[in-house]
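Just so you know, ligand 1 is whichever comes first in the structure, and atom 1 is the first atom listed for that ligand.
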Amino acid sequence: MTTAPPTTAGPSTPSLPSTVSSAHDGDHGRLLIHCADRPGIVSAIGTFLAGAGANIVTLDQFSTAEGGGTFFQRTEFHLPGLTATREELERSFAATVADEFDMQFTLTEARKPKRVAIMVSKTDHCVLDLLWRNRRGELDMNVVMVISNHPDLATDVRSFGVPFFHVPATRDNRAEAEARILDLLRGNVDLVVLARYMQIITPTFLEGVGAPLINIHHSFLPAFIGAGPYAKARERGVKLIGATAHYVTADLDEGPIIEQDVVRVDHRQDTPDLVRMGADVERAVLSRAVRWHLEDRVAVHGNTTIVF
Ligand SMILES: Nc1nc2c(c(=O)[nH]1)N[C@@H](CN(C=O)c1ccc(C(=O)N[C@@H](CCC(=O)O)C(=O)O)cc1)CN2
């Protein structure tokens, strides 16, 4: 008779969050809403989803103030046949609940990865990290293209099977370059990621692209906005450097912050050391921010975000 090996009390294997196991379930939906706060919102959404035959899997909500503020809610639900009925469900929700509460909302299928374009200049660690995580299945997205104002990364990007477009862009040819980039992006993407793209984006581009942009800034904002933050950090003698992922607005590096992180530094590190140490933080921060956006976890409130 064999005896079972002694079991040892230890941490149980962490179970994957439900969104991971059901992320590829064709019947898994996400509803992200915000509206003026008032009684009855949760009930109205729950009643609507139940009436549609949906089973709520997770529900997170937040009110910005005690009454009179803004109400935010993220709901994940399971609804057999969602793919076939999503558009009708969206129209019905808009005409009933959203109309009654003057609600802004998105209703998405987890099964349909978002179309993502990545823009980059010469620095490779962020774009290659995103492509590597995508290939491993950590980031559920469809990277439709990489656009760069330099040719340096073409071979590396194409090795992932992703189209690479070189569009030379400097401050001197900005309008022409942006027009070419908009021709590539308009109507083809759900998200643009600036993975160390070192050109200032004009308001014209932001108005015309038809998708949100996420940028990774290589400092712990609001410190060291603009170019060369690591040299500025070294000069200032800071004890923490960091990275910030934020939505892009016309105000340079001042858009709604999605994620940040830091690492300790001291007098022993020179600027190249800070660049090297900072790169690890940039990659981690950008991938978390992109993943949360892909999972419809990020709501924008003024110049801030609520991340469910
Ligand atoms: N409208 C916006 N555009 C961009 C943002 C933003 O938040 N809003 N973020 C930057 C990224 N960035 C830092 O993270 C940054 C990139 C470039 C510059 C800059 O001064 N660029 C010069 C040209 C530099 C060069 O050619 O080497 C310029 O564009 O004139 C500052 C900050 C991306 N764009």
Undergrad: Is atom CG of Asp102 surrounded by more than 12 heavy atoms (other residues, nucleotides or ligands) closer than 6.0 Å?
TA: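 No, because the 6.0 Å sphere around CG of Asp102 holds 12 heavy atoms or fewer from other groups.
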
Undergrad: Taking the six-membered ring for Trp and the single ring otherwise, decide whether the centroids of Phe71 and His34 are under 6.0 Å apart.
TA: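 No.
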
Undergrad: May I have the step-by-step check of salt bridge (charged side-chain N to carboxylate O under 4.0 Å, His left out) for Arg276 and Asp273, ending in yes or no?
TA: CA-CA 5 Å; Arg276 172 180 50 79; Asp273 292 323; 3.3 Å; yes

Undergrad: For each nitrogen or oxygen atom of ligand 1, which protein N/O atoms lie closer than 3.5 Å, and how far apart are they, rounded to 0.1 Å?
TA:
residue: ligand 1; atom: 1 (N); partner: Ile201; partner atom: O; Å: 2.8
residue: ligand 1; atom: 1 (N); partner: Thr249; partner atom: O; Å: 3.0
residue: ligand 1; atom: 3 (N); partner: Ile201; partner atom: N; Å: 2.9
residue: ligand 1; atom: 7 (O); partner: Asp253; partner atom: N; Å: 2.7
residue: ligand 1; atom: 8 (N); partner: Thr249; partner atom: O; Å: 2.9
residue: ligand 1; atom: 9 (N); partner: Asn215; partner atom: ND2; Å: 3.4
residue: ligand 1; atom: 9 (N); partner: Asp253; partner atom: OD1; Å: 3.2
residue: ligand 1; atom: 14 (O); partner: Asn215; partner atom: ND2; Å: 3.2
residue: ligand 1; atom: 14 (O); partner: His217; partner atom: ND1; Å: 2.8
residue: ligand 1; atom: 21 (N); partner: Met198; partner atom: O; Å: 3.4
residue: ligand 1; atom: 26 (O); partner: Gln199; partner atom: NE2; Å: 2.9
residue: ligand 1; atom: 29 (O); partner: Arg174; partner atom: NH2; Å: 2.4
residue: ligand 1; atom: 29 (O); partner: Ile200; partner atom: N; Å: 2.9
residue: ligand 1; atom: 30 (O); partner: Arg171; partner atom: NE; Å: 3.4
residue: ligand 1; atom: 30 (O); partner: Arg174; partner atom: NH2; Å: 3.1
residue: ligand 1; atom: 34 (N); partner: Gln199; partner atom: O; Å: 2.9

Undergrad: Share the residues that join Leu213 in a hydrophobic cluster, the rule being Ile, Leu, Val, Met, Phe, Trp or Tyr side chains under 4.5 Å apart at the heavy-atom level.
TA: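 The other cluster members (ILVMFWY side chains, heavy atoms under 4.5 Å, direct or chained) are Met119, Val144, Met145, Ile147, Phe165, Val167, Ile181, Leu182, Leu184, Leu185, Val189, Val192, Leu194, Tyr197, Ile201, Phe205, Leu206, Val209, Val248.
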
Undergrad: Any chance the rings of Phe77 and His28 have centres within less than 6.0 Å?
TA: no

Undergrad: Can you tell me if Ser92 uses its side chain to pair, donor with acceptor, with the backbone of Glu88 under 3.5 Å?
TA: no

